[in-house]
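Nothing here was measured: the structure is a model prediction, and the numbers come from that model.
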Amino acid sequence: MTDADLLSARLRSHDYQDWRAKVEATGGCARPVKLTGRSAILDRDGEILVERAGDIFAPCGNRRASVCPACSDRYAGDAFHLLRAGLAGGDKDVPALVTEKPRVFLTLTAPSFGPVHTRRTTASGRVIPCRCGGYHHPDDPRLGSPTDPDTYDYIGSVLWQAHAGQLWHRFVIALRRALAGHLGVPARRFREVARLSYAKVAEYQRRGLVHFHAVVRVDGPDGPGDATSRGITADVLRTAITTAAQVAVIATERPDGAALLLGWGAQLDLRQITAASASDVEDGDGAISEARLAGYIAKYATKGTGTAEGADRPVRDVEHIAYLDVSPHHRRMIEVCWQLGGLEQYEALNLRRWAHMLGFRGHFLTKSQRYSTTFRAIRDERRSWRVRHELDQLARDTWGETCDPIDLDSVTVINDWRLLGVGHNNYAERELAMAIAERNRQQRTTRRRTD
């Protein structure tokens with residue numbers, strides 16, 4: 001049966017409307033979790049107010065657009081609100097005072113492990129020739145790959161990638177020490193006078209190595225609601241970051257025992273964040289505004305690994321690598337991850353588990369404890385809204401439109417679900433679900449433009 005036949009059969013099936021309603025409830029999830037069981041909302045006396053039983057779909061929650069566009073959009077929305085709260089304040093229990101504090105937008109990159117194909121342009125837009133002597137189109141698959149694969153340091157690049165998360169940790173420690181030194185206090189007492197807050201997102205470059213975008217803010221010792229010490233200004237923060245990026249290093253070894261020192265690349269993009277007033281991410285002076293910065297960063301948190309970087313799922317066997325839909329350069333990185341993962345000296349890095357991520361073992365979006373709200377709080381708020389919506393509808397149906405809403409604290413929610421399976425039954429169902437997700441995305445875009 002062809003794909004078209006499968007689509008036609010599903011659309012004409014007797015249970016299509018029921019299936020579609022379940023998919024709609026997930027927002028068009030491409031890989032839903034199928035559950036069966038019961039959910040009920042009870043009042044203080046144990047009386048059932050709302051009950052739902054049978055089979056349902058729950059969203060998979062995957063953040064990668066290449067795996068599930070619907071859940072990726074939801075994750076991007078949550079990431080936007082998390083980042084925006086720490087930038088603009090006045091929401092999610094973050095005071096508006098944060099807009100008056102020293103803040104910068106920082107990009108830390110990986111060092112060079114060998115020349116790669118690039119496409120650079122002049123200020124007037126003229127394309128500069130690559131090292132190979134040619135001119136590359138923006139979609140040229142060679143961009144980011146080594147000009148000479150035989151001399152490119154694949155081992156060094158994979159080991160740097162595996163330590164990138166730890167290297168960020170070293171950078172944060174070095175930054176606290178630099179700020180403490182400026183204030184004239186011991187590093188161990190830094191939190192008694194100030195607190196470093198940040199949110200960072202990892203993004204893959206064309207060469208397969210990540211770099212980090214981060215919002216860095218300095219609060220008072222009690223967090224966002226506490227004024228920053230007068231001794232720390234935006235210029236002081238910039239100087240401290242520059243120093244920390246230079247001294248944050250990790251010492252390790254190559255397979256042959258040779259020493260390898262891992263640090264950040266020479267390219268350091270550091271810009272001050274101004275109060276929300278501009279209509280773009282960057283103003284004419286190169287400063288960063290809040291108006292679009294949260295969305296700018298959030299999009300990196302949802303970028304799939306896809307063919308431009310690695311694979312969407314873990315590699316289970318070395319023979320699997322030959323069949324991956326990736327570039328020769330990224331395939332070589334995956335092969336090196338697999339080879340190094342079999343060596344005892346790199347056992348702690350668990351490189352084979354992360355070979356599909358080209359050795360990167362960290363989270364794509366992380367934040368300090370007091371930067372802003374949390375993903376859990378945002379999701380709990382969304383669940384509470386759904387329960388409140390159901391109760392309000394129940395109250396209107398029972399007592400009329402003018403009735404008082406039911407107090408959410410006076411009810412108990414009981415869930416009893418068990419797993420039936422994961423994913424749609426065939427290609428046709430997945431395509432229909434993704435079409436629903438795309439329609440929802442277009443409707444949201446239209447509403448935003450209208451508003």
Any Lys/Arg nitrogen of [X] or [Y] sitting under 4.0 Å from an Asp/Glu carboxylate oxygen of the other?
{"X": "Arg370", "Y": "Asp219", "result": "no"}
{"X": "Asp18", "Y": "Lys22", "result": "yes"}
{"X": "Asp256", "Y": "Arg254", "result": "no"}
{"X": "Arg271", "Y": "Asp269", "result": "yes"}
{"X": "Arg331", "Y": "Glu335", "result": "no"}
{"X": "Arg376", "Y": "Glu381", "result": "no"}
{"X": "Asp55", "Y": "Lys34", "result": "no"}

Would you say the side-chain atoms of [X] pair up with the backbone N or O of [Y], donor to acceptor, closer than 3.5 Å?
{"X": "Ser368", "Y": "Tyr198", "answer": "yes"}
{"X": "Thr228", "Y": "Val218", "answer": "yes"}
{"X": "His424", "Y": "Glu431", "answer": "no"}
{"X": "Ser229", "Y": "Gly231", "answer": "yes"}
{"X": "Gln161", "Y": "Gly208", "answer": "yes"}
{"X": "Arg191", "Y": "Pro221", "answer": "no"}
{"X": "Ser145", "Y": "Arg142", "answer": "yes"}
{"X": "Tyr346", "Y": "Gln339", "answer": "no"}
{"X": "His329", "Y": "Arg207", "answer": "yes"}
{"X": "Glu429", "Y": "Asn425", "answer": "yes"}

Exercise. So Val216 and Arg103, side-chain contact (heavy atoms from CB on, under 4.5 Å) or not? Walk me through it.
Worked result: CA-CA 6 Å; Val216 180; Arg103 301 173 298 165; over 6 Å; no
How many angstroms lie between [atom1] in [X] and [atom2] in [Y], if you round to the nearest 0.5 Å?
{"X": "Leu419", "Y": "Thr36", "atom1": "CG", "atom2": "OG1", "answer": "10.5 Å"}
{"X": "Arg439", "Y": "Met434", "atom1": "CZ", "atom2": "CE", "answer": "14.5 Å"}
{"X": "Ile241", "Y": "Leu268", "atom1": "CD1", "atom2": "CG", "answer": "8.0 Å"}
{"X": "Thr107", "Y": "Trp264", "atom1": "OG1", "atom2": "CH2", "answer": "11.0 Å"}
{"X": "Arg74", "Y": "Ile378", "atom1": "CZ", "atom2": "CD1", "answer": "13.0 Å"}
{"X": "His136", "Y": "Thr118", "atom1": "NE2", "atom2": "OG1", "answer": "6.5 Å"}

When you check the side-chain N and O atoms of [X] and [Y], is any donor under 3.5 Å from an acceptor?
{"X": "Asp235", "Y": "Thr233", "result": "no"}
{"X": "Asp148", "Y": "Thr151", "result": "yes"}
{"X": "Ser327", "Y": "His330", "result": "yes"}

Compute the ring centroids of [X] and [Y], then answer whether they are less than 6.0 Å apart.
{"X": "Phe212", "Y": "Phe171", "answer": "no"}
{"X": "Phe360", "Y": "Trp160", "answer": "no"}
{"X": "Tyr204", "Y": "His211", "answer": "no"}

Would you mind reporting whether [Y] and [X] have side-chain heavy atoms less than 4.5 Å apart?
{"X": "Asn62", "Y": "Arg31", "answer": "no"}
{"X": "His81", "Y": "Ser372", "answer": "no"}
{"X": "Val116", "Y": "Thr147", "answer": "no"}
{"X": "Val158", "Y": "Leu358", "answer": "no"}
{"X": "Cys130", "Y": "His117", "answer": "yes"}
{"X": "Tyr154", "Y": "Pro146", "answer": "yes"}
{"X": "Pro69", "Y": "Glu438", "answer": "no"}
{"X": "Asp78", "Y": "Arg379", "answer": "yes"}

Where is the tightest heavy-atom contact between [X] and [Y], given as atom of each residue plus distance?
{"X": "Val94", "Y": "Thr373", "value": "CG2-N, 4.4 Å"}
{"X": "Trp354", "Y": "Leu349", "value": "CD1-O, 4.0 Å"}
{"X": "Asp226", "Y": "Asp222", "value": "OD2-N, 3.2 Å"}
{"X": "Leu87", "Y": "Thr99", "value": "O-CG2, 3.6 Å"}
{"X": "Pro186", "Y": "Ala180", "value": "O-CB, 4.1 Å"}
{"X": "Ala245", "Y": "Leu108", "value": "CB-CD2, 4.0 Å"}

Problem set entry | Arg217/Ser197 under side-chain contact (heavy atoms from CB on, under 4.5 Å): CA gap, chis, key distance, verdict | CA-CA 5 Å; Arg217 186 185 75 221; Ser197 295; 3.7 Å; yes
Is it the case that more than 12 heavy atoms not belonging to [X] sit under 6.0 Å from its [atom1] atom?
{"X": "Gln267", "atom1": "CD", "answer": "no"}
{"X": "Gln443", "atom1": "CD", "answer": "yes"}
{"X": "Arg177", "atom1": "CZ", "answer": "no"}

Relative to [Y], does [X] satisfy both conditions: NZ or CZ under 6.0 angstrom from the six-membered ring centre, and within 45 degrees of the ring's axis?
{"X": "Arg119", "Y": "Tyr135", "answer": "no"}
{"X": "Arg10", "Y": "Trp19", "answer": "yes"}
{"X": "Arg176", "Y": "Phe190", "answer": "no"}

Exercise. Going through the distances and angles, do His163 and Thr252 end up as a side-chain contact (heavy atoms from CB on, under 4.5 Å)?
Worked result: CA-CA 10 Å; His163 289 87; Thr252 185; 4.3 Å; yes
Exercise. What residue among Pro111, Ser112, Ser157 forms side chain to side chain contact (heavy atoms under 4.5 Å, CB included) with Leu209?
Worked result: Ser157
For this session: Evaluate the criterion side-chain contact (heavy atoms from CB on, under 4.5 Å) for residue pair Ile250 and Gln166; output intermediate values, then yes/no.
Result: CA-CA 8 Å; Ile250 294 176; Gln166 185 180 353; 3.6 Å; yes
